[in-house]
Amino acid sequence: MEGMQAREKLIVANWKMNPATLRDARALFQKIYRLSAPPRVALMLALPSPYLAPIAARSTSKRVTFAAQDLFPGTIGSHTGEVSAAMLASVGARASLIGHSERRALGESDESVARKVRATLDAGLTAVLCIGERERDAHGAYLATLGGQLASALTGITRAHAKRIIVAYEPIWAIGKSASAAMKPHDVHQVVVFVRKTLTPLFGPTAARQVRVLYGGSVEGENAEAIVRDGEVDGLLVGHTSLSPDSFKMIIAAVGRAAR
Ligand code: PGA
């Protein structure tokens with residue numbers, strides 16, 4: 001796919017509930033901000049929401065954008081403890097992860113994911129929709145799981161929104177381990193093809209191609225290049241390795257090589 005090759009690669013760093021204090025978050029951000037990303041590689045940092053405003057305010061680079069890790073699908077009102085997409089946008093977020101497996105494990109339903117995707121798009125943000133199977137089976141039932149997650153999350157979403165949808169494929173069994181436990185590039189590619197095939201009847205072929213597809217799950221310096229190149233993904237969603245600037249630097253360089 002020629003157009004895909006020319007597209008900028010995106011690395012989304014999912015800090016999860018880290019680091020422990022704003023002071024530590026600022027220090028981590030400074031180290032990451034100083035890393036020089038190769039041409040055609042963009043960074044998105046998905047931060048805990050208390051850190052978004054103070055950290056986004058310090059960034060002047062167009063190459064680095066900010067995302068939330070979750071949000072509430074309402075605009076304003078009596079929702080104690082919740083944070084809206086518009087609030088996140090107003091403090092510098094350009095996107096939000098939606099339906100991360102760690103949220104689904106806490107009880108997030110497909111219906112809730114769909115409402116959050118809609119709220120994210122309505123607020124003008126990009127939705128980084130996370131999908132992934134709990135386990136692999138020999139008969140391909142995992143593909144039905146992924147197809148179902150995509151179809152329900154994107155119910156009622158039109159092709160006009162395709163540019164602001166990013167699908168992050170994260171097989172749950174491969175999250176939070178080391179590179180050797182990550183998915184093999186060939187298998188990643190199979191899912192990328194499946195995701196595009198599933199999106200085509202929803203959005204039409206042109207818009208379906210505009211949806212960026214990322215891989216996440218135990219990406220480290222040593223497997224990042226092969227996953228991006230041979231998996232033919234548009235980028236990566238990186239958890240634990242994004243908290244260690246030296247290791248994260250290796251991922252950025254690897255994606256840069258794959259983007260050439
Ligand atoms: P990991 O996490 O890179 O630590 O596997 C990825 C994620 O959960 O988004």
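Counting starts at 1 for both ligands and their atoms, in listed order.
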If we count only N and O atoms by modelled type, under 3.5 Å, do the side chains of H100 and E108 hold a donor and an acceptor together? no
Kindly determine whether L129 and L154 satisfy side chain to side chain contact (heavy atoms under 4.5 Å, CB included), including the steps that lead there. CA-CA 9 Å; L129 168 65; L154 299 175; 4.1 Å; yes
Between V238 and S242, which heavy-atom pair has the shortest distance, and what is it? O-OG, 3.3 Å
What's the separation between atom CZ in F248 and atom CG in L28, rounded to the nearest 0.5 Å? 9.0 Å
Applying the salt bridge (charged side-chain N to carboxylate O under 4.0 Å, His left out) criterion to D234, which one of R209, R196, R212 satisfies it? R196
Kindly say whether L146 contributes a backbone atom to a donor-acceptor pair with the side chain of E133 at under 3.5 angstrom? no
Atom pairs and distances, ligand 1 N/O vs protein N/O under 3.5 Å:
unit_1: ligand 1; atom_1: 2 (O); unit_2: K16; atom_2: NZ; d: 3.4
unit_1: ligand 1; atom_1: 3 (O); unit_2: G239; atom_2: N; d: 2.8
unit_1: ligand 1; atom_1: 4 (O); unit_2: H240; atom_2: N; d: 2.9
unit_1: ligand 1; atom_1: 4 (O); unit_2: H240; atom_2: ND1; d: 2.5
unit_1: ligand 1; atom_1: 5 (O); unit_2: G176; atom_2: N; d: 2.6
unit_1: ligand 1; atom_1: 5 (O); unit_2: S218; atom_2: N; d: 2.8
unit_1: ligand 1; atom_1: 8 (O); unit_2: K16; atom_2: NZ; d: 2.8
unit_1: ligand 1; atom_1: 8 (O); unit_2: H100; atom_2: NE2; d: 2.9
unit_1: ligand 1; atom_1: 9 (O); unit_2: N14; atom_2: ND2; d: 3.3
unit_1: ligand 1; atom_1: 9 (O); unit_2: H100; atom_2: NE2; d: 3.0
unit_1: ligand 1; atom_1: 9 (O); unit_2: E170; atom_2: OE1; d: 3.2
unit_1: ligand 1; atom_1: 9 (O); unit_2: E170; atom_2: OE2; d: 2.7

